[in-house]
Amino acid sequence: MRCHSNWLPKSWLLTLKHTQRHAGSLIPYLSVITTTLPLHHMTYRKLTPAEINALKANSCRCNDWNLIEVADPFRPEHYSYVTFSGRVCLGTTDSVVVRDGMIPMAAGIYDATIHDCEIGNDVLIKRIGNYIANYHISDNVIIENTASLIATGDSSFGNGVEVSVLNETGGREVPICDCLSAHVAYIIAMYRHDKALIANLRRLINDYADSRRTPYGVISRNVTIINAGTIKNVYIGPEATVCGAKRLDNGSIMSLPDDPVYVGDNVMANDFIISAGAKVDDGAVLVHTFVGQATSLTRLFSAHDSLFFANCACENGESAAIFAGPYTVTMHKSSLLIAGMFSFLNAGSGSNQSNHMYKLGPIHQGVVDRGSKTTSDSYILWPAHIGAFSLVMGRHVNHPDTSRLPFSYLIENNGTPHIVPGVNLKSVGTIRDAMKWPKRDKRRTAEKLDYINFNLLSPYTVSRMFDGISLLDDIERTAGITSEIYSYQGLAMRASALRKGRDYYRLAIDKFMGNSVLKRLEGATLESDNDIRRLLRPTMGAGGGEWLDLSGLIAPKSEIKSLCNGIADGSITSLAQVNYRLKEMAENYYDLEWTWVVENFRRWWGKECCELTAADIAEIARRWCDSVVTLDRKLYDDARKEFSSVARIGFGLDTSSAHHRQIDFEQVRGDFERDPFVRMVLDHITTKTALRDDLLSRLKKS
């Protein structure tokens, strides 16, 4: 007989048929279902009387041997001290399994209780403390020294679990699923004003969760489970390793052959999904938690009602009700992230927030826009909104909203909170972060769930700098140009900081707008003004207006609104279609960006693109190069501080010779002029200057 269609859930068969019809708009993990299910197409037969007697001789027991079916060739000597019950299908055991330490053992089942399971070829099951029940186990699986592996009835394996992000008392719940992206989660959490949108999007996720529902648990090919405790209602994808986990209950481990998952010692997880390439280890505790692709949660980190998307790294600390967008990092025991939305965050030791003002409960939330840092022992009292690429130092209890002033420092000085706008644009740390994020993308699978834009300058940040300049002008005008201290959102701002911040924003806008123009003209033959105007025409109609950051995806608000309208009115009928639209926005980013630049050209340069001449382009190129060189020189000066005499304190401890201290410092830190980052900055100046000169030479020939 065939032991395949008897157990493959009808809902999954329907999902497979649906994905075949919509192949052009697949959610990544939908296409993976066909490879992760342990589809056994083997022919099974009943046991012979001789095989039954051989099994009994090996201390195997069964109340009804007629329910046991095996594939040929069947080797009864590879089964000992096994109790069978219910319907059990056994694959072949021809191979020798080599375990850690190069210890070989013949595939088979030894010292275990097996109930109502299908077990594939070349599987090793040994020393099961309690029993394995209602699981379909694919080929080349090792399950050893494990307490129990149980499926207790219809389960979606964590799909559809509600995660109460941002507000612990509810109101922004996100139903998780194994194909959830940061961008879909963002819309569900933050767009509660659109009831039809949220209702339909939640329905799509719940429909998908129902399609994953089955009465049997699944262990896919090449999975290793060793020294584990109780595993209950958990789907485990191919190539996953579960080593020493204490308790896993109601979840999916979405491992992939090209991007496996590791779940390690003493991990406890309830109502969870762990995505491809992730690592959960060293006593991490997860409750109602989504773990994104290539995310690492280790070293006793605990999380409840939290979402972590691609490439997050969290150790030692704690999270509660957070929306951790891509590259959220916290590494310290005393750090608590609570009720906040973050992305590209670096949280220092002792970073803390509070969502409870002891009135109506823990209902307050905060937003820290992309790329920000919190220093050691920093504190923010929610509600608050911190602008993009900002640094937070000290205690901030006045609920600041600095979203219009990106790249700022928020500093507590003698009990008074200050803001220094724009100063992070000249920080070597900001540029270093922007460079390292793409290099630290650990996602190895081509099927990525989150569409991440790493650009430091984009319509999203530049539009806020436009707004920041207007805001600083208004503050200066209202309080008077002679004021020494200005006030904004409960924050003090020195007059010098206001003016420098405005200058930093102008330099950055010159850099971004000029770079966009030069990229459009790069390598082109420019024989006339008409050639310039033709090359600078928008290539897409969309892209104008406000831009948004949907937790890593930077896109025009108009495109996001169009997607949301399609979901709300029912014209978008699947998560696959939602994901496809998001993917289109990511792939079309630079064309959409150029439309925004063209729309804002007169605002910044005083002319429309269609009016530009060769002389205008030459002036734009000069201003662009000046801004690049000026900002790079500031980065160069900031980097030099890392090689100052103060930075050398603690070097050359047991010598009074300044020369020896210098040698000790250089052996550890290197020489300033040969530092890789310093060389990169100097090379960048040279490269951009050459790009300007090339454009100017081509313009002279026109």
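Note that these values count all heavy atoms, side chains included, but never hydrogens, waters or copies made by symmetry.
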Decide yes or no for [X] and [Y]: does some side-chain heavy atom of the first lie under 4.5 Å from some side-chain heavy atom of the second?
X      : Y      : answer
Leu337 : Leu345 : yes
Asn311 : Pro326 : no
Ile452 : Tyr327 : yes
Leu612 : Phe601 : yes
Trp594 : Cys609 : yes
Asn600 : Met513 : yes
Ile469 : Ile509 : yes
Glu593 : Phe512 : yes

Over all atoms of both residues, closest heavy-atom pair of [X] and [Y]:
X      : Y      : result
Thr328 : Ser343 : OG1-CA, 3.8 Å
Ala347 : Thr374 : CA-OG1, 3.2 Å
Ser627 : Leu507 : CB-O, 3.3 Å
Leu472 : Gly501 : CD1-C, 4.3 Å
Arg520 : Leu535 : CD-O, 4.0 Å
Ala310 : Arg443 : CB-CD, 3.8 Å

Does any N or O in the side chain of [X] come within less than 3.5 Å of the main-chain N or O of [Y], such that one atom is a donor and the other an acceptor?
X      : Y      : value
Asp450 : Ala182 : yes
Asn455 : Ser458 : no
Thr595 : Ala542 : yes
Glu412 : Arg395 : yes
Arg698 : Ala524 : yes
His385 : Val367 : no
Tyr486 : Gly480 : yes
Glu522 : Leu691 : no
Arg464 : Ala388 : no
Thr430 : Asn424 : yes

Is the shortest distance from a Lys or Arg side-chain nitrogen in [X] or [Y] to a carboxylate oxygen in the other one below 4.0 Å?
X      : Y      : answer
Asp638 : Lys641 : yes
Arg499 : Asp503 : no
Lys373 : Asp433 : yes

For the [atom1] atom of [X] and the [atom2] atom of [Y], what is their distance to the nearest 0.5 Å?
X      : Y      : atom1 : atom2 : result
Asn515 : Asp510 : CG    : CG    : 12.0 Å
Arg534 : Asp531 : CZ    : CG    : 5.0 Å
Arg506 : Leu425 : CZ    : CG    : 14.0 Å
Ile620 : Asp616 : CD1   : CG    : 6.5 Å
Ile386 : Phe342 : CD1   : CZ    : 10.0 Å
Met493 : Leu405 : CE    : CG    : 6.0 Å

Other residues, nucleotides and ligands only: do more than 12 of their heavy atoms fall within 6.0 Å of [atom1] on [X]?
X      : atom1 : value
Arg533 : CZ    : yes
Glu484 : CD    : no
Arg602 : CZ    : yes

Given the options Tyr505, Trp604, Tyr460, Phe466 meets ring-ring contact (aromatic ring centres under 6.0 Å, His included) only with Trp604

Residue among Trp547, Trp596, Phe454 satisfying ring-ring contact (aromatic ring centres under 6.0 Å, His included) with Tyr589: Trp547

Between Asp473 and Arg502, is the side-chain contact (heavy atoms from CB on, under 4.5 Å) condition met? List the steps. CA-CA 8 Å; Asp473 286 344; Arg502 189 165 49 199; 2.7 Å; yes

Starting from the C-alpha separation in whole Å, work towards a yes-or-no answer on side-chain contact (heavy atoms from CB on, under 4.5 Å) for Thr461 and Phe407. CA-CA 9 Å; Thr461 51; Phe407 297 95; 4.2 Å; yes

Side-chain donor-acceptor pair under 3.5 Å between [X] and [Y], yes or no?
X      : Y      : answer
Asn530 : Ser528 : no
Tyr488 : Asp474 : no
Ser349 : Ser376 : yes
Asn579 : Tyr451 : yes

Residue list, side-chain contact (heavy atoms from CB on, under 4.5 Å) with Thr416, at least two apart or on another chain: His418, Ala492

Applying side-chain contact (heavy atoms from CB on, under 4.5 Å) to Leu180 and Phe309, what does each step give before you reach the verdict? CA-CA 9 Å; Leu180 184 67; Phe309 293 98; 4.2 Å; yes

For Arg622, enumerate each residue passing the side-chain hydrogen bond (donor to acceptor under 3.5 Å, both in side chains) test, keeping only those at least two apart in sequence or located in another chain. none

All N/O donor-acceptor pairs, side-chain side in residues 551-565, below 3.5 Å, sequence neighbours left out:
from, atom 1, to, atom 2, distance (Å)
Ser562, OG, Arg581, NH2, 3.1
Asn565, ND2, Lys561, O, 3.4

Under the side-chain contact (heavy atoms from CB on, under 4.5 Å) rule, what do Tyr504 and Lys634 come out as? Steps first, then yes or no, please. CA-CA 10 Å; Tyr504 294 145; Lys634 291 183 182 297; 3.8 Å; yes

In terms of relative ring orientation, are Trp437 and Phe389 parallel, tilted or perpendicular, with 30° and 60° separating the classes?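 Rings of Trp437 and Phe389: tilted, as their planes differ by 30° to 60°.
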
